[in-house]
Amino acid sequence: MPELPEVEVVRRGVETWAAGRTVLGTEVHDPRSLRRHAEGTEQFISTLTGAQLGTPQRRGKFLWIPLSSPEADQRAGAALLIHLGMSGQVLIEDSEAPREKHLKITLRLSAQEPAQLRFVDQRIFGGMQISALVPAEHPSGAVPEGAAHIGPDPLEPAVTAEQLFRALRRRRSGLKRALLDQQLLSGVGNIYADEALWLSGLHFARRTETITRAETARLLSAVSEVMEAALAAGGTSFDALYVNVNGTSGYFDRSLQCYGQEGKACDRCAQTGAETLIRRTPFMGRSSFWCPRCQPRPRQGRW
DNA sequence: AGATAGTCCTGTGGGC
DNA sequence: TGCCCACAGGACTATC
């Protein structure tokens, strides 16, 4: 399940391999991957073909490639917006590479091999769309309309603990629910939410309106830390990740302390001589993993 | 406003 | 062995 670090690894790969190249041709093998592109398949193809790819950008789990054209025309100020969903992959491959079973979209790129940017997506929760760029507070100065509704992500300098603190206090909800809400802070999915809550010693059901400044600062640091760690683990050899960036490879799993660790001893407790087992609790139609000692369940009144 | 349920998909795996 | 069905989950929408 690609979350922010996985998407950033893909972004870096696309920057290395595809930025500056021209789209010579576009093939849509399955229009369901264009579900969010309202103008239809033909318009997608005609807009993309002939455009030059700029430096890829990212906010949260959304990735986009600004498009430009030598003759300034209607393509100016637009971007190819990509979301990997559950199972999306972006592959840069030689033209003769065997066709993937779930290949959805192919961009033929100028100049040299590897000359294809392929979008592969087994479950089709992800997709591509062409989206107008609108000015926004983002390191690049703009975000695509299709991603304008989500909040900044923890790796953007604009995010501060004070800002997050005020947003959480305004809310009347559970802490993990708020963390998964992409409009508040983007890029956090189920895996890194659990990791960050564990690292900061906060329970997933903690009421947001009772959170303190210190706890918020701890939480935000923890979110950044687990994401930077995953990025460091996966970002060093992203060539290999091109083969499989969908998260099922387990590439990022090595560093997980809490998520998926049900029944295993909590590392932090072990260091203090205690033996506590990580628990799994059904939550929001999925699972939450937590340590009952590090992340005590809030008492009545703190929920 | 917050919570819940339904929708989009397909491969996996448990149950029988 | 093989069939069926529940399940998984990110983002979005509809509804309470």
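Below, chain A is the first sequence line, B the second, and so on; all start at residue 1.
Rounded to an integer number of Å, the gap from L180(A) CG to dG10(C) C1' is 10 Å. Separating the CZ atom of R32(A) from the P atom of dT10(B) is a distance of 5 Å, rounded to the nearest angstrom. Following rounding to the nearest Å, E3(A) (CD) and dA11(C) (P) show an atom-to-atom distance of 9 Å. Look at CD1 on I124(A): it is 12 Å from C1' on dG11(B), rounded to the nearest Å. Rounded to a whole Å, the CD atom of Q89(A) is 13 Å from the P atom of dG11(B). With rounding to whole Å, D181(A) atom CG is found 15 Å from dT4(B) atom C1'. For the pair H102(A) NE2 and dT10(B) P, the interatomic distance rounds to 8 Å; values are reported in whole Å. dG10(C) atom C1' lies 14 Å from atom CG of L4(A), rounded to whole Å.
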Dump every N/O contact between nucleotides 12-16 of chain C and the protein below 3.5 Å, one line per pair.
{"from": "dC12(C)", "atom 1": "OP1", "to": "H149(A)", "atom 2": "NE2", "distance (Å)": "2.9"}
{"from": "dC12(C)", "atom 1": "OP2", "to": "H149(A)", "atom 2": "NE2", "distance (Å)": "3.0"}

Below 3.5 Å is the cut-off: list the nitrogen or oxygen pairs between protein and nucleotides 5-7 of chain B, distance only.
none

Give me the distances for all protein-to-nucleotides 4-8 of chain C N/O pairs that come in under 3.5 Å?
{"from": "dA8(C)", "atom 1": "N3", "to": "R123(A)", "atom 2": "NH1", "distance (Å)": "3.4"}

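The CG atom of L185(A) sits 9.5 Å away from the CD1 atom of I150(A) when rounded to the nearest 0.5 Å. In this structure, the separation between CZ on R169(A) and OG1 on T210(A) is 7.0 Å, given to the nearest 0.5 Å.
The backbone N or O of K104(A) sits nowhere less than 3.5 Å from a side-chain atom of D30(A) that would complete a donor-acceptor pair. Looking only at distances, a side-chain donor or acceptor of E215(A) sits under 3.5 Å from a matching main-chain atom of T212(A). Remark: the backbone N or O of S200(A) is paired with a side-chain donor or acceptor of R218(A) at under 3.5 angstrom. Under a 3.5 Å cut-off, the side chain of E195(A) and the backbone N or O of A193(A) do not form any donor-acceptor pair. Remark: side-chain polar atoms of E3(A) are paired, donor with acceptor, to backbone N or O of Y192(A) under 3.5 angstrom. Proximity of a side-chain donor or acceptor of E27(A) to a complementary backbone N or O of T106(A) within less than 3.5 Å is not detected.
Not a single ring-ring contact (aromatic ring centres under 6.0 Å, His included) links W198(A) to another residue, sequence neighbours left out. Among residues two or more places apart in sequence or in another chain, the ring-ring contact (aromatic ring centres under 6.0 Å, His included) test is passed with F119(A) by none. Contacts of H102(A) classified as ring-ring contact (aromatic ring centres under 6.0 Å, His included), with partners at least two apart in sequence or in another chain: none. Among residues two or more places apart in sequence or in another chain, the side chain to side chain contact (heavy atoms under 4.5 Å, CB included) test is passed with F283(A) by K176(A), R177(A), F204(A), S288(A). Every residue two or more places apart in sequence or in another chain that forms a ring-ring contact (aromatic ring centres under 6.0 Å, His included) with F44(A) is listed here: H37(A).
Residue R170(A) places none of its side-chain N or O atoms closer than 4.0 Å to OP1 or OP2 of dA1(B). At dA3(B), one or more side-chain N or O atoms of S173(A) fall inside 4.0 Å of OP1 or OP2 (strictly under the cut-off). Proximity of K61(A) to the phosphate of dA11(C): a side-chain N or O atom is located under 4.0 Å from OP1 or OP2. Close to dA11(C), at under 4.0 Å from its OP1 or OP2, lies no side-chain N or O of R35(A).
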Let me check something: any side-chain donor-acceptor pairs from residues 222-230 of chain A under 3.5 Å, sequence neighbours excluded? List them with distances.
{"from": "S224(A)", "atom 1": "OG", "to": "L220(A)", "atom 2": "O", "distance (Å)": "3.1"}

Would you tabulate the side-chain donor-acceptor contacts of residues 128-141 of chain A under 3.5 Å, counting partners in other chains and residues two or more places apart, or write 'none'?
{"from": "Q129(A)", "atom 1": "NE2", "to": "R36(A)", "atom 2": "O", "distance (Å)": "3.2"}
{"from": "S131(A)", "atom 1": "OG", "to": "E145(A)", "atom 2": "N", "distance (Å)": "3.2"}
{"from": "S131(A)", "atom 1": "OG", "to": "G146(A)", "atom 2": "N", "distance (Å)": "2.9"}
{"from": "H138(A)", "atom 1": "ND1", "to": "S140(A)", "atom 2": "N", "distance (Å)": "3.0"}
{"from": "H138(A)", "atom 1": "ND1", "to": "S140(A)", "atom 2": "OG", "distance (Å)": "2.8"}
{"from": "H138(A)", "atom 1": "NE2", "to": "R58(A)", "atom 2": "O", "distance (Å)": "3.0"}
{"from": "S140(A)", "atom 1": "OG", "to": "A142(A)", "atom 2": "O", "distance (Å)": "3.0"}

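Residues Y259(A) and N190(A) meet the side-chain proximity criterion, which asks for heavy atoms closer than 4.5 Å.
Comparing dG2(B), dG10(C), dT10(B) by their nearest atom to the side chain of Q122(A) picks out dT10(B). Considering only the side chain of H83(A), dG10(C) comes nearest among dT4(B), dG10(C), dG2(B).
A rotation axis mapping the C1' atoms of four pairs onto the next four is fitted at both ends of the helix from dG2(B)-dC16(C) to dC16(B)-dG2(C) over five pairs, and the angle between these axes is 60° to 10 degrees.
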Exercise. Which is it for E8(A) and R11(A) under the salt bridge (charged side-chain N to carboxylate O under 4.0 Å, His left out) test, yes or no, and what are the steps along the way?
Worked result: CA-CA 5 Å; E8(A) 174 59 18; R11(A) 190 203 68 75; 3.1 Å; yes
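When heavy atoms are screened at a 4.0 angstrom cut-off, K101(A) is found touching the sugar-phosphate backbone but no base atom.
DNA chain B is contacted by F125(A) of residues 125-138 of chain A, taking any non-hydrogen atom closer than 4.0 Å.
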